[in-house]
Protein chains: 2
Amino acid sequence: MVKKTGRPAYLQIADDLREQVRGGSLAPGAPLPSTAQLAEQYDASLSVVKMAVGILRNEGLLIGQQGKGVFVRDEESSESGQVTAVDLVSEVIELRTAVRDLSQRLARVESTLSERSDQ
Amino acid sequence: MVKKTGRPAYLQIADDLREQVRGGSLAPGAPLPSTAQLAEQYDASLSVVKMAVGILRNEGLLIGQQGKGVFVRDEESSESGQVTAVDLVSEVIELRTAVRDLSQRLARVESTLSERSDQ
DNA sequence: CAGGCCAACTAGGTTAACTATGTTGGTCGC
DNA sequence: GCGACCAACATAGTTAACCTAGTTGGCCTG
């Protein structure tokens, strides 16, 4: 693999994996080959594979579970590939709510902890 | 820099830079300090700074020009008419990371609580 | 002075090695 | 059989080193 186009290898691999996910070749929830296996498949070093996976992980397309493997994200919201502004706005609203909720829970639990610790 | 939260350094730096851009501390078109200078500022290695910049470059927030420097994306340089795509994406990413961070802290603290309760 | 050359910067890509941490499966002792 | 332990494998993060390539400015030569 890794054609001799100017495109860096880690982007080529990321593109290829993204294509496989979008094309259904890698089904949602399915595990990817291990980093070492991917490195051998693409005839690339471990580092570039890790970078490629890191990008897709950052994009939310893949989910890495330490000690187990890397899996295609299971949700169905990733189908279009093109994210619309409406999707983003709604996600922002959802996330803001989630942040507020988590902050409140955290504050409550942490205060409980400090009370116990103070005694 | 690089607080001792569980959050990896390259994400902390990426968050910080993203915040500076969104907050206007780094104006559009303005150059970032060089990789070496950033590494010194954050007391981090060159590698993590490069990773952080790479993420923001991938997000479209920063534009790297080989031999010159890294610049905050200029509104006019990607005139698609819609101002907000990158802004929304950055905010979504910020919020997502915030949610993840809060969830981890919450889980850790709650497990501590339950341990104490069990005994 | 003009032009070219070169050294010193810059970002970007690649690789290798090391650590940390989580999961899993097998083996060994009881 | 069961539990503890351990080795092998997994992702994840960090660091260091090396290479490419573009830019800039100064110096030196003609």
S.K.: Working note: B:E59 + B:R18, criterion side chain to side chain contact (heavy atoms under 4.5 Å, CB included); need CA distance, chi angles, decisive distance, verdict.
M.R.: CA-CA 10 Å; B:E59 290 175 9; B:R18 200 184 290 109; 2.9 Å; yes
S.K.: Looking at every non-hydrogen atom in both residues, tell me the closest pair between B:Q41 and B:P33 and how far apart they are.
M.R.: NE2-CG, 3.6 Å
S.K.: So, the side chain of A:E40 versus the backbone of A:Q37: is there a donor-acceptor pair under 3.5 Å, distance only?
M.R.: no
S.K.: Tell me, do B:L26 and B:L32 make a side-chain contact under 4.5 Å, heavy atoms counted?
M.R.: yes
S.K.: In whole Å, I'd like the distance from the CD1 atom of A:I55 to the P atom of D:dG13.
M.R.: 14 Å
S.K.: Nearest 0.5 Å, what's the CG-CD1 distance between A:L56 and A:I63?
M.R.: 12.0 Å
S.K.: Quickly work out the B:Y42 OH to D:dT15 P distance and round it to whole Å.
M.R.: 15 Å
S.K.: To the nearest 10°, let me know how far the axis at one end of the helix from C:dC1-D:dG30 to C:dC30-D:dG1 is tilted from the axis at the other, five pairs an end.
M.R.: 30°
S.K.: If you only use heavy atoms from C-beta on, which nucleotide in C:dT15, C:dA11, D:dG13 is closest to the side chain of B:S34?
M.R.: C:dA11
S.K.: Rounded to the nearest Å, what distance is computed from the CD atom of residue B:E40 to the P atom of nucleotide C:dC9?
M.R.: 14 Å
S.K.: Tell me, do B:R73 and B:V21 make a side-chain contact under 4.5 Å, heavy atoms counted?
M.R.: no
S.K.: Rounding to an integer number of Å, can you tell me how far A:L46 CG sits from D:dT14 P?
M.R.: 18 Å
S.K.: Could you please name the option among D:dA17, D:dT15, D:dA12 that lies closest to any side-chain atom of B:K50?
M.R.: D:dA17
S.K.: I want to check one thing: is the phosphate of D:dG13, taken as OP1 and OP2, less than 4.0 Å away from some side-chain N or O of B:Y10?
M.R.: yes
S.K.: Counting only non-hydrogen atoms, which of residues 65-72 of chain A are less than 4.0 Å from DNA chain D?
M.R.: A:Q65, A:Q66, A:G67, A:G69, A:V70
S.K.: Any link between A:L11 and A:L46 through a network of hydrophobic side chains (Ile, Leu, Val, Met, Phe, Trp, Tyr) touching at under 4.5 Å?
M.R.: no
S.K.: Please report, rounded to the nearest Å, how far the P atom of C:dG12 is from the CD1 atom of B:I63.
M.R.: 11 Å
S.K.: In whole Å, what is the span from the CG atom of A:N58 to the C1' atom of D:dG13?
M.R.: 14 Å
S.K.: For B:T35, which contact category applies under a 4.0 Å heavy-atom criterion: base, sugar-phosphate, or nothing?
M.R.: sugar-phosphate
S.K.: Rounded to whole angstrom units, what separation is found between the CG atom of A:L62 and the C1' atom of D:dT11?
M.R.: 13 Å
S.K.: Base, sugar-phosphate, or nothing for A:S45, non-hydrogen atoms under 4.0 angstrom?
M.R.: sugar-phosphate
S.K.: Just how far, in rounded Å, is P of C:dA11 from CE of B:M51?
M.R.: 17 Å
S.K.: Let me see the working for A:Y42 and A:L17 under side chain to side chain contact (heavy atoms under 4.5 Å, CB included), right down to the final yes or no.
M.R.: CA-CA 11 Å; A:Y42 288 107; A:L17 292 176; 3.5 Å; yes
S.K.: Is it the case that A:Q20 and A:D16 place a side-chain donor and acceptor less than 3.5 Å from each other?
M.R.: yes
S.K.: Side-chain N or O of B:R57 versus OP1/OP2 of C:dA11: is the shortest distance under 4.0 Å?
M.R.: no
S.K.: Please tell me if B:R7 has a side-chain N or O lying less than 4.0 Å from either OP1 or OP2 of D:dG13.
M.R.: no
S.K.: Do B:I55 and B:F71 belong to the same hydrophobic cluster, where Ile, Leu, Val, Met, Phe, Trp and Tyr are linked whenever their side-chain heavy atoms lie under 4.5 Å apart, directly or via other members?
M.R.: no
